[in-house]
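Pasting in a structure now, in structure tokens, and then I'll have a few things to ask.
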Amino acid sequence: MSTCIYDITASWADNVARGPQFDSPVPQRPQTHSDQWIDFLGYKVASRIGVPAGPLLDSRWTSLAASLGYDIVTTKTIRTAASAGHAPPNVLYLQAHGKQLPAAGDTTPLQAAGVEQPDEAAATAVAITNSFGMPSMDAAFLMADIPAAQAALRPGQLLVVSVTGTPNRPDGVGFAEDFVQAALLAKQAGAKVIEANLSCPNVGKGQGALYADAQQMAALTAALVQALGPAVPLLLKVGAFPDEAALEAVLGAAAAAGARGVAGINGLSRSIITADGEPALGPDRPTSGVCGAPIRHAALQFVRAARRIIDRRQLGLALVGVGGVMCAQHAVDMLEAGADVVQSATGMMWHPLLAHEYHQLVQQQSR
């Protein structure tokens, strides 16, 4: 059994107010000389491990991750204005021990296990569904918090700010324009790298599956790149693809539009039900994102395919591997599959010392 740094019995707002649940000693990480640091999007980072958008709610959370040895930390996705997101419950354990979900084609519902951790769910086997709806603090909070997150980084660490657009604004501003405004807000707050979250499985389909439409994705990417300018690299967060041809179309369009890298995958969208067959999160949320151990194989499949395409077509995109990284060896496996860097969300939340163990493993393997 393992304890999560996020209280899944509480609301997102309560977790923001309380901060991360971590009171263990911070271990001293193995040291690497700066001449061994790697280049990632023009910045030198001390290692290839980090945290994707999602778990790190504000600067207290990014600061904790940085102190624990995660060197590429991504903020929780932000918007141009405050958004409450979905009401609790937002995270449920799943009855999915030992299961690996395919990237596409399987619509079999998964059964929720509630907010009590199943007995078999060791840190490396945690399977959850999450449904937050990408809540966000307001612009005033973000303008103070993003610099605070930057200031807490150690040498050799990088903060990535994740952004999204908001549809149906009452003032008539369109989704794409709002997306650009969110990116400019992050840039104004001091973001050095920005990630466009195009793949959240817990918002409207047009917003959450934007990555799958190569033409629409390319138009938005081009607008973001033009607004940000060459000094702020743009990453694209994508989900799983039904086949390699669809992935190739998107990667080619992303590179042509000026993106500097892609990160994938996000959680896999599935129907989550109770033991009685009812939607576990209520009738208004019949599907939600599956994260943790069950998506590891799909994530590795994505990384291997993306690496083949990027290399064959000489796209020049950085590749961030995300999904099912629950222990240090999983991180190594993701890098060996072709990722330039690897990020862990669920693994980091339930096993915060994962990065430390990764650094130890890398040091052992280099001897």
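Quick note: numbers below take in every heavy atom, side chains included, and nothing from hydrogens, waters or symmetry partners. For clarity, every value in this text was computed on a predicted model and none was experimentally measured.
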Subject >> Check: T129/S288 side-chain N/O donor and acceptor closer than 3.5 Å >> reply: yes
Subject >> Pair T74, E195: side-chain N/O donor-acceptor within cut-off below 3.5 Å >> reply: no
Original post:
Quick check: does any side chain N or O of T75 sit under 3.5 Å from a backbone N or O of S162, one acting as donor and the other as acceptor?
Top reply: yes
Subject >> Point-to-point distance, once rounded to the nearest 0.5 Å, from CD1 of I49 to NE2 of H356 >> reply: 12.0 Å
Subject >> Electrostatic pair R29-D71, nearest N-O below 4.0 angstrom >> reply: yes
Original post:
Any side-chain donor-acceptor pair under 3.5 Å between T108 and D106?
Top reply: yes
Subject >> Short side-chain to backbone donor-acceptor contact, S199 and K237, under 3.5 Å >> reply: yes
Subject >> Side-chain (R270) to main-chain (V290) donor-acceptor, under 3.5 angstrom >> reply: no
Subject >> Residue pair P352 / I5: nearest heavy atoms and the distance that separates them >> reply: CG-CG2, 3.5 Å
Original post:
Any idea how W61 and Y6 line up, ring-wise: parallel (<30°), tilted (30 to 60°), or perpendicular (>60°)?
Top reply: tilted
**OP:** Working to the nearest 0.5 Å, report the span between CG of L234 and CG of L224.
**Re:** 5.5 Å
Original post:
Is a donor on one side and an acceptor on the other found under 3.5 Å between the side chain of R48 and the backbone of I38?
Top reply: no
Original post:
Would you call D35-K44 a salt bridge at under 4.0 Å N-O?
Top reply: no
Original post:
Under a single-linkage definition using a 4.5 Å side-chain heavy-atom cutoff for Ile, Leu, Val, Met, Phe, Trp and Tyr, are V320 and L236 assigned to the same hydrophobic cluster?
Top reply: no
**OP:** Could you walk me through whether E177 and R169 pass salt bridge (charged side-chain N to carboxylate O under 4.0 Å, His left out), step by step?
**Re:** CA-CA 11 Å; E177 183 179 350; R169 275 179 45 171; over 6 Å; no
Original post:
Taking atom CD of E116 as the centre, does the number of heavy atoms from other residues, nucleotides or ligands within less than 6.0 Å exceed 12?
Top reply: no
Original post:
Charged N to carboxylate O under 4.0 angstrom, R313 versus E248?
Top reply: yes
